[in-house]
Amino acid sequence: MDSLIPPSGQRDHWPLMRRQFWFYAAMLSVSVMMTIATSLEFGSGARIDACGAAGMASVVTVFAVFSPTSVWRLLGWPRVEPKTAGLLLAGAALWGLGIEGYFFLIRALGVQFVQFWPDFDAAAWPWWAVFVIVCVVPGVFEEIAFRGLIYDGLRPILGPRDALLVEAMGFAVLHLAPLIFISHFFIGLGLGMLRDRTRGLLVPMFAHTAWNTYVIGSEWWATHHALIIP
Amino acid sequence: VEVSIPCVNCVDVIRPTDEFCQGCGARVSSDQKERLLERLEIHDTRMAAHMKHVRSARQGIITLAVLFAIAGLVMFFIAKSESDSTLVTLRALPEDMAYPELINGQSLTIAEVRTMIEREPLQILALNLVLAAIMAGLWFWGKKAALPAIIAALAVFVTVHVANALVDPATIVQGLAMKIIGTVILVRGVRSGLEARRIELAQRV
């Protein structure tokens with residue numbers, strides 16, 4: 001941890017921190033624009049979701065290109081020993097069960113989750129478009145944003161442990177739903193740990209995409225299954 | 001002025017930002033870190049000023065926690081009395097009848113609308129208590145690591161108000177002074193926290 005503290009005691013961290021705030025504000029603006037577009041019915045839900053995904057990807061790409069710390073070095077193939085990979089898989093399975101348990105509890109409280117399929121069904125978009133917009137784009141670009149840019153930006157200032165906690169918190173609150181804050185905080189923490197253990201973003205990207213696929217898949221099952229088997 | 005305290009295990013000294021004693025390798029305890037900070041504050045007036053801002057930011061966080069909890073309780077009782085009066089009207093209607101208006105773009109039965117209305121006050125209470133718990137958690141964390149806790153509190157505070165304004169634009173002007181003061185205190189806390197860390201690191205060079 002000590003080695004990550006910058007060698008020069010005179011270094012001013014405020015510009016680096018300000019960059020993180022601007023980046024966070026840009027990501028928040030995308031969420032705000034999506035919410036406004038949805039409530040004002042600027043277009044079909046599917047189009048708004050697609051524009052939101054494209055907006056987030058653009059913001060992340062611009063900040064990644066102009067970032068002082070290179071994100072591209074994190075996109076290399078992960079070097080993980082088989083034993084560590086096994087432990088990570090077991091941990092991920094337990095983590096997924098815990099998150100699903102939390103979702104079950106808040107559903108019991110009557111909280112309604114955002115549904116994607118009604119919008120995409122109404123727009124008659126193919127399944128792969130849903131997969132790209134809801135699973136792949138957030139899986140890839142949210143990882144570059146939180147576990148790449150924000151985590152790497154905060155680590156020299158706060159140290160790895162505190163940077164991990166702050167990025168997980170930012171990830172959780174940016175979903176703009178306080179009742180899923182707890183689950184998404186742990187999701188952010190788990191993905192951050194994966195990034196740390198595998199020293200790259202590919203594994204957390206894969207885990208994030210897989211989780212989103214599971215969520216959208218279970219929603220598809222709940223909304224379409226009854227139609228297939230009457 | 002170089003600030004240090006003696007190690008309890010050996011003859012060496014511990015300096016600010018040390019995690020371990022350079023002489024015997026013993027881990028620096030949180031009490032020792034606090035003592036070092038106190039000494040730094042005594043010897044460096046800039047450090048004292050920055051730590052004052054950091055402390056007020058931490059106090060701001062716990063104040064926000066209390067305010068979220070109180071607001072949650074008040075809003076719960078207001079929503080409960082409103083939902084009770086609406087439920088009285090709905091009880092006169094048959095349960096399987098369709099509600100005359102669309103809710104969130106969906107057609108619901110009277111029974112479904114009743115369940116929704118019954119749950120609303122609890123959801124408001126849970127939401128505010130979650131926010132209060134988050135802020136209280138950040139306040140506790142701030143005892144050990146003030147800077148990251150203040151950064152996280154700032155992100156939560158700003159995002160919650162943006163989300164609130166999206167749900168109900170009328171809330172933008174409600175408590176505007178409080179929102180501005182809260183943001184200023186937290187931003188100042190972050191800046192001072194960074195400066196304090198810079199002074200601490202300068203001790204090591």
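Proteins come first, then strands; the chains are lettered A, B, ... in the order of their sequence lines, and each starts at number 1. Since the model is a prediction, treat every value here as computed from it, not as a measurement.
- Within the 4.5 angstrom heavy-atom criterion, atoms from both the backbone and the side chain of B:Leu127 approach chain A.
- A:Tyr24 is listed as a side-chain neighbour of B:Thr159, based on a closest heavy-atom distance under 4.5 Å.
- Residue B:Lys33 qualifies as enclosed at atom NZ: its count of foreign heavy atoms under 6.0 Å is above 12.
- Around the CZ atom of B:Arg188, the shell of radius 6.0 Å holds more than 12 heavy atoms that belong to other residues, nucleotides or ligands.
- Annotation for A:Ala108 and B:Arg119: closest pair O-NH2, 3.8 Å, computed over non-hydrogen atoms.
- Counting heavy atoms of neighbouring residues, nucleotides and ligands inside a 6.0 Å radius, atom CZ of B:Arg46 does not exceed 12 of them.
- Between the side chain of B:Arg197 and the backbone N or O of A:Ile157 there is at least one donor-acceptor pair closer than 3.5 Å.
- Minimum heavy-atom separation, B:Val158 to A:Leu28: CG1-CD2, 4.4 Å.
- Within the 4.5 angstrom heavy-atom criterion, no atom of B:Glu118 approaches chain A.
- A heavy-atom distance below 4.5 Å is found between the side chains of A:Trp14 and B:Val190.
- By the 6.0 Å contact criterion, CD on B:Gln32 is enclosed, its count of non-hydrogen atoms from other residues, nucleotides or ligands being greater than 12.
- Interatomic distance, CG of A:Leu158 versus CG of B:Leu194, reported as 8.0 Å (0.5 Å rounding).
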Using the side-chain contact (heavy atoms from CB on, under 4.5 Å) rule, take B:Trp141 and A:Leu165 through it: C-alpha gap first, then chi angles, then the decisive distance, then the call. CA-CA 11 Å; B:Trp141 186 29; A:Leu165 290 166; 3.4 Å; yes
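- Using a 4.5 Å heavy-atom cutoff, the side chains of A:Ile36 and B:Leu166 are in contact.
- For the pair A:Phe21 and B:Val187, the minimum side-chain heavy-atom distance is 4.5 Å or more.
- Closest approach of B:Ala145 and A:Asp162 over heavy atoms only: CB-OD2, 3.7 Å.
- Taking CZ from B:Arg191 and NE2 from A:His13, the interatomic distance works out to 13.5 Å, rounded to the nearest 0.5 Å.
- In this structure, the portion of B:Val162 lying under 4.5 Å from any heavy atom of chain A is its side chain and not its backbone.
- The shortest heavy-atom contact between A:Met17 and B:Ile151 is CE-CD1, 3.0 Å.
- By number of non-hydrogen pairs under 4.5 angstrom with chain B, the leading residue of A:Ile106, A:Leu174, A:Val173 is A:Val173.
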